[in-house]
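Worksheet: one structure, shown below.
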Amino acid sequence: MSPLTSLLIRGATLPDGTATDLLVDHGVIAERGSGLSQTGSTVIDAAGLQALPGLVDLHTHLREPGFEQSETVLSGSRAAAAGGFTAVHAMANTSPVADTAGVVEQVASLGEQHGYTTVRPVGAVTVGLAGERLSEIGAMAQSRAAVRVFSDDGRCVSDALLMRRALEYVKTFGGVIAQHSQEPRLTEGAQMNEGALSSELGLAGWPAVAEEAIIARDVLLAQHVGARLHVCHLSTAGSVEVIRWAKARGIRVTAEVAPHHLLLDEQLVAGYDARFKVNPPLRRSEDVLALRAALAEGVIDIVATDHAPHPIETKECAWQEASFGMVGLETALSVVQAAVVDSGQMSWADVARVLSGKPAEIGRLSGYDAPFTVGAPANVTLVDPGARRVFGVELLRGKSVNTPYLGRELPGRVVATVHRGVPTVLDGELRTPEEVANHVE
Amino acid sequence: MRHLLSVRDLDRGAAVGILDLAEDMADVATRAVPRLPTLRGRTVANLFFEDSTRTRLSFEAAAKRLSADVITFSAKGSSVSKGESLKDTAQTIAAMGIDAVVLRHPASGAARVLADGQWIDAAVINAGDGMHEHPTQGLLDAFTMRKAVHGTASRGTGLDGLRVTIVGDILHSRVARSNIWLLKTLGASVHLVGPETLLPAGVGAWPVTSGTDLDDALAGKPDVVMMLRVQGERMHAAYFPNEREYSRQWGLDDARLARLAPDTMVMHPGPMNRGLEISSAAADSARSLVLDQVANGVSIRMAVLYLVLSGSEGRGAV
Amino acid sequence: MTARTVLQQADITRALTRIAHEILESNASHDGASSRIVLLGIPTRGVLLARRLGAILEQLAPGAAEVGALDVTMYRDDLARQPTRTPSPSSVPSDGIDGKTVVLVDDVLYSGRTVRAALDALSDLGRPRAVRLAALIDRGHRELPIRADFVGKNLPTSQTQRIYVKLLESDGQDLVAVFDEEDQG
Ligand SMILES: [Zn+2]
């Protein structure tokens, strides 16, 4: 099957609950309706499957260039496709750092060649993520990668003046600063959420206020300069309140939550298993509930994976020596289903909003504003919401296995992913790089 | 007992059992030949990623009194390379056929990680992990208190009703943590005193009372006053302004010593900063049990080594 | 379950009385001058039997014997093969055992390994003039060159059988019975 052969998806349930056939041809939705037929098409029987617009991740660490032992653009793209994603935003903390047009163009073009998913590089806010001088933000914006999201993720732009300048500067081209909100002095050596449990375990505490104080400062700065701010992976009930307050005042802020913060809490740290070590840390169960409610309510705009692959030896060690981070692309949709869909807090239309439409909008990624309409790019994810499986490493498709979900039963399964008309996952299986690779210049 | 990782794994019966066994071990020390053949043929590895001469020597003495062979890997020497991972070192020693590992590590939870990992078969004894716990220190402190209260009638008893005040840097102290949980298990009540900056977050959820005024605490006539070591580097991280102020507010100085009841026990896990958290007069007074603590450490560690190494086939990989 | 009673209360008392006489005789006849006797029971029931023997000896020859206990847990060579044993306290006369005649007392003599451990433990405590061994039951199957000097009853058994010794002080009755292992489920 050549990449551009047409696809006929039969009887899929759209996010609004209606069932329809979809004909995909030349990369777009060619027809929509019931009883469609097309000779020569590959047919996908989607009866009982939930169709979602292709998922968009605003927060992915692909590790290339520089840390290819953990992940590459290819392996990360495959993990993304397996998880139902048709676009990812690749964070800037590579080596070299994505702080020049050259690096972002390289990453974007690798993604383009592999074809599994659209790779949108995120540019660094400061040179080398060092928090001292602004990086070549304009050059990255004007490059072929057309970067719109800038972040020093992994580090916080803690210097208030630098943050102000960055917010102002990206206004020029409609960019956004995605802040990793972590007051550095309050989190020196921090290992887990600060509270009675961290005290008991003897792990240095990571106070909620270290996150909330930066978010509060940043929304005020964004208001002051009239700029757009995106808050990465907020993790506390207090952060939700700050965002709620800012939105009520009309401040242009969007907020994201990572899937693990919707499902896992700090009690999992008690066994010192470093698979549960993540930045920001797992919080109290009260925080988990507040984050779910805020996502359902729309105070939190999106879910983003913070997919953070690490080699095994950085997790098979004492807690405080281990790396922060979890892989998340393959599990994000299942975790969201488990946390907020199966409980009835959110519909599949809400899921489409928080995992596709809204992140595309924040990232200024085109083609996701009117999914499933005739003529729209064919980015489609088909999910079997009734499936349940005990998660194991064999279900991971990236290079690293640092998932916190091993042995945990998760609902839902991605049956097919279609990226710009090309199936990257069919019958629940990733297609080969040769079948997917974009040979068209 | 498979491992000793945390005093929280010990219920009252198990804790009293260890203290009782340590009484027997203490008797051995009084003999002409203070040695038992019990662990002949067993090998104990002292794996110290952090230097602690006194704890290492205490475990070595305990192992030797039970006729075990002892191998010491110390970060101070060159046998543990800087930055070498716990896993690599563990696998190296496992290949040597080790029956028990005594682990001192700067990371909280390191002993648990070593015991839970599938890297070695040996029993693991936590000899101090970061700010988490130091179970044998907690046990030897409890043993010392029990001996002081019950004397030769100690066997079988707990520490019911004993009121213990622990003073100083609770936040960073693994000794305090092991004492708190174990004392609670044995029926004692614990009061913590220190600057607010050095009391752990969420201490209100712990089964203790706490406060910041040492004079108030001493006016309550505690049975035991345990002074913790203050690390100089805490001052630089703004936990308190300077040593003089710390000493004035939270040091057991001569004036406070004079106000203690004659039978108040004064304890310190060592090494002491004389003149900072404890005055020389307090450290050397008749109320001080500091040297008893050291002597009892060997008996406790003999008991623990016996318990983790009996009741199962030798585990050392061959 | 087939249980066969081999000794009842009167039999046990008779056996202990006989042993007490034998201990006195052998101690006196050793080289003309008798030495002090220390009865050291091996926990748990050996200690009870040592106390009874001590009481009988006190009647026969007041002041001739002292009673104590000798725990051998830390001297066993089967550390790994058994569940963890908690040692019982040992107690020996305050002036020690040097130059005295020590009689080790146990309820059942079987492989001999417990007695071997007791001999090692004794050697760490001092240097007795002589060491004797008294057992209420000798069931055979020795694995070491050890024999008892004083035996309540020789009881040939098969290795699949089990012997239960019950004593008034610990079990509410005096009884020695043999069980067939097959019946124990
Ligand atoms: Zn981040």
Side-chain angles (χ1 to χ4, degrees), chain A residues 183-211 236 238 265-277 281-287 310-324 393 402 406-407, chain B residues 5-8 49-50 83-91 103-119 126 128-134 170-178 180-181 184 192 197-208 210 233 236-238:
Chain A
E183 211 296 310
R185 287 280 284 157
L186 286 175
T187 52
E188 273 173 19
Q191 297 294 322
M192 70 168 292
N193 183 49
E194 179 176 298
L197 185 61
S198 67
S199 295
E200 182 185 322
L201 297 175
L203 293 172
W206 188 308
V209 67
E211 172 173 314
T236 74
D265 70 39
E266 63 172 1
Q267 291 299 328
L268 292 163
V269 180
Y272 297 98
D273 182 341
R275 288 183 303 120
F276 298 109
K277 182 173 177 177
L282 300 181
R283 303 287 190 181
R284 304 166 305 161
S285 56
E286 301 94 290
D287 294 301
H310 287 292
I312 188 102
E313 61 271 18
T314 69
K315 289 291 189 180
E316 281 192 340
C317 55
W319 180 277
Q320 74 190 46
E321 295 170 347
S323 300
F324 289 99
V393 280
N402 53 307
L406 290 184
Chain B
L5 306 176
S6 161
V7 296
R8 306 199 71 176
F49 283 84
E50 190 180 73
E84 179 165 344
S85 79
L86 185 56
K87 182 181 174 181
D88 287 341
T89 311
Q91 286 176 331
L103 179 69
R104 164 65 70 97
H105 200 282
S108 299
R112 170 83 60 190
V113 169
L114 183 60
D116 287 353
Q118 305 295 308
W119 318 322
N126 182 3
D129 61 328
M131 305 186 291
H132 177 227
E133 280 213 36
H134 193 354
I170 314 290
L171 177 62
H172 299 95
S173 176
R174 53 189 166 218
V175 174
R177 283 171 180 76
S178 285
I180 288 165
W181 309 121
K184 183 75 192 159
L192 307 178
T197 48
L198 291 174
L199 293 173
V203 74
W206 289 11
V208 298
S210 64
E233 63 260 30
H236 305 303

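Every chain is numbered from 1, with letters handed out A, B, ... down the list of sequences. From a predicted model like this one, the values you see are computed outputs, not experimental measurements.
In this structure, A:Y272 and B:S108 have side chains that are in contact, with non-hydrogen atoms separated by less than 4.5 Å.
The side chain to side chain donor-acceptor pair (under 3.5 Å) check on A:S199 picks up nothing, with sequence neighbours excluded. Applying the side-chain contact (heavy atoms from CB on, under 4.5 Å) criterion to A:E316, with sequence neighbours excluded, gives A:I312, B:K87, B:W119.
The heavy-atom pair separating B:W181 from A:E200 by the smallest distance is CZ2-CG, 3.7 Å. Of all heavy-atom pairs spanning B:H105 and A:A318, the tightest one is CE1-CB, 4.1 Å. Residues A:A196 and B:G202 come closest through the heavy atom pair CB-O, 3.6 Å. When every heavy atom of A:E194 is checked against every heavy atom of B:A201, the shortest pair comes out as CG-CB, 3.6 Å.
Contacts with chain A were tallied for B:A111, B:P200, B:G109; B:G109 has the most, counting heavy-atom pairs under 4.5 Å.
The distance from the CG atom of B:D88 to the SG atom of A:C317 is 10.5 Å, given to the nearest 0.5 Å.
With a threshold of 4.5 angstrom between heavy atoms, B:R8 approaches chain A through side-chain atoms but not through N, CA, C or O.
Taking a 6.0 Å sphere around NZ of A:K315, one finds it holds more than 12 heavy atoms contributed by other residues, nucleotides or ligands.
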